[in-house]
Amino acid sequence: MEAAALGHFVSGLDKATKVIIVSNRQPWFHERVAERIRAFRPASGLVTALEPIIEAVGGTWIAHGSAPADRLVVDRKNRVRLPEDNPRFTLRRLWLTPKEEEGYYNGISNRALWPLCHLVYTKPRFSRSDWETYRDVNRRFSDAVLEEAGSSPAIVFTQDFHLALLPRFLREARPDLKLIQFWHIPWPNREAFRIFPWSGEILDGLLGNDLLGFHIQNHCNNFLDTVDKSMEAKVDYENFSVWRGGRPTFIRPFPISVDFRQIGIDAGLETVQAKKEGFLAQLGPSAAGTKICVGADRVDYTKGIPERLRGFDLLLRRNPDLKGKVTLMQLAAPSRTQIEEYRSINDEIEGLVEEINRRHGSEAWRPVHFLRANHDYHAVIAAYRMADVVLVTSLHDGMNLVAKEFIAARTDGDGVLLLSQYTGAARELTDALLVNPYDTDQLADAMLQAFRMPEEERRQRMARMRAQVEKNNIYEWGRKIFEELLRRVSFGKGRDAAGKSPRPHPAAGRKHPYLAVVKYLTYRCSSAILGKVNSRLPGGPA
Ligand code: F6P
């Protein structure tokens, strides 16, 4: 499926229905550059994936306006049409006070939920006043959605963990809204989740949705198990749904992707070529003719950047003949710098880079170039085009779109992807060199294997990965989500896609202890079997 087809599909659902996307991160931010205000796309997997979708379906995107010049371009209702050169959707900005930003974004979203959901051994931190702010800000997003929807029917497509309470608020105010949410990060097992002090409210909020999506089946299983063990709700393991307050929420895996075709087109632009030359100039003459490894990440402790550097260090220690023949270029977008763990991961990385360069480098050759900046989209594509090997070594990642963007950019059919087995992407990209990033020896071995891989094998692997990303592109992801919504809820005159009126689930509000036990055991057996199958697949359980 391509952009136009998705737009056509969604507008055909019901002409009167508005589409509203809601997220914390905005798809474009505005900044002053030499007396002019310019729009930029932030470093965000969510934006990479959703921006093409909103362009295809039109509608309104509501998000936090967080950049210095954001207020200067909006109208009286805080709206701006985007993209600048060919406007296709409306961005409605919502402003937060520093206190709101601290409690809702830094506090609950990034000090609590982020480490709670990523199993990377960073402790989550909780604060009741942050929680109250998180609730208030979710309420403010709800007010903005209701204002944008007016009295029209609307599909509200909420993104991520910043807005877990929003669907319940919307459901209470407008029971007729069609509510979808996609959770862009992993959902942990219930033992990990249960330490969250307000877990009941988070789950109840999410169960305000009609449809709740995760990247992979394993996260869906974890979610159902968490709900089943911690709250009053009817979990239907056959249909993968939860009934609460007489309504179902369907839980489904939708592996997210990128705009394969567009990235391929953009990879051929002159701007990209110019950025590539800029990088080569920055790396200096000593990098010319060396094998280039590229990493492109937000500076985040989940991304495994120190682990990658240690693997590279070990590679050079074990293979001194590689000195002067390989270069690691790490693009690093500063992220969440108000949070202590993010500042210390940055210091750790800078220390490691210095150490490796001191240990192995010479006057003529620098092994690691750490380019800490917000590199724009074209620069990142240029880096992928330069790479002999791209390194994705996340310790835990819902999907990881760097992997898919790299593949989409390689229209020349060459390049090797070294990919952590703890990413959602590893389920689909089995032709990557899959690694456990905690295992430094394995990382060094895999890097060597990547450098030595014969061209024919590189091309075969890349061709298979390109076919996979082309097939499951971002529009296909969108189509599957909207199609599932269509299947599950009624559109227009109180009828669903099959022409039936919605009926309450037979088990809703009643208790069938024996049936529940049988269903639960069936689920446990099938997830145990699935677990076994998964653990034998490359990638293992996420
Ligand atoms: O994909 C997870 C996510 O938190 C997105 O929601 C977000 O856009 C991205 O990572 C980058 O993080 P942030 O928006 O906090 O900069």
Side-chain angles (χ1 to χ4, degrees), residues 21-29 40-54 61-67 70 91 93-94 96 100-118 120 122 124 134 137-138 141 157-164 166 181-188 213-216 219 254-258 296-305 331-339 341-343 345-346 372-377 380 392 394-405 422-425 474 477 542:
I21 291 184
V22 202
S23 68
N24 171 68
R25 183 60 60 204
Q26 52 183 347
W28 294 93
F29 63 94
F40 297 92
R41 282 215 304 202
S44 152
L46 183 156
V47 170
T48 305
L50 267 295
E51 210 275 344
I53 297 267
I54 192 85
W61 186 322
I62 302 174
H64 171 209
S66 53
D70 281 350
L91 173 63
R93 285 183 168 137
L94 187 137
L96 298 179
E100 284 175 326
E101 210 175 322
E102 174 53 27
Y104 143 85
Y105 177 73
N106 291 328
I108 293 299
S109 300
N110 291 323
R111 278 194 205 100
L113 286 169
W114 181 267
L116 186 80
C117 291
H118 290 90
V120 296
T122 298
Y134 181 88
V137 172
N138 270 249
F141 271 95
F157 190 5
T158 303
Q159 309 302 317
D160 237 344
F161 56 99
H162 313 84
L163 299 169
L166 173 65
Q181 185 153 10
F182 191 77
W183 192 264
H184 289 255
I185 62 175
W187 188 276
F214 295 94
H215 290 295
I216 59 174
H219 302 157
F254 300 107
I256 206 164
S257 195
V258 293
D297 310 80
R298 284 183 304 107
V299 180
D300 191 301
Y301 53 82
T302 61
K303 301 295 178 187
I305 304 172
L331 308 190
S335 180
R336 306 177 188 169
T337 47
Q338 302 297 310
I339 298 171
E341 286 80 358
Y342 284 79
R343 289 198 296 268
I345 194 78
N346 190 65
R372 191 173 189 279
N374 273 311
H375 301 277
D376 68 19
Y377 166 73
V380 176
V392 175
S394 309
L395 304 180
H396 198 190
D397 216 328
M399 173 54 64
N400 192 286
L401 291 182
V402 166
K404 291 187 173 180
E405 266 189 313
Y422 306 124
T423 58
I474 190 61
W477 177 81

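Both ligands and their constituent atoms are indexed starting at 1 by order of listing. As a basis for the values below, the full set of heavy atoms in this structure was taken, side chains included, without hydrogen atoms, waters or symmetry mates.
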Response to the item:
Closest heavy-atom pair, Asn138 versus Leu166, reported as atoms and distance to 0.1 Å, is OD1-N, 3.1 Å
Response to the item:
Hits for ring pair (Phe, Tyr, Trp, His ring centres under 6.0 Å) against His162, two or more places apart or cross-chain, chain-then-number order -> none
Practice prompt. Check whether the ring centres of Phe161 and His184 lie less than 6.0 Å apart, and answer yes or no.
Written response: no
Discussion item. Listing request: all salt bridge (Lys or Arg N to Asp or Glu O under 4.0 Å) pairs with a residue in residues 102-114, at least two apart in sequence or in separate chains.
Written reply: Glu102-Arg111
Worksheet item: Can a donor-acceptor pair be found between the side chains of Asn24 and Tyr104 at a distance below 3.5 Å?
Response: yes
Worksheet item: What residues form a salt bridge (charged side-chain N to carboxylate O under 4.0 Å, His left out) with Arg298, not counting sequence neighbours?
Response: Asp300
Worksheet, complete the sentence: The answer, listing residues by chain and number that come under 4.0 Å of ligand 1 through any heavy atom, is Arg25, Ser44, Leu46, Tyr105, Trp114, Asp160, Phe161, His162, His184, Ile185, Arg298, Arg336
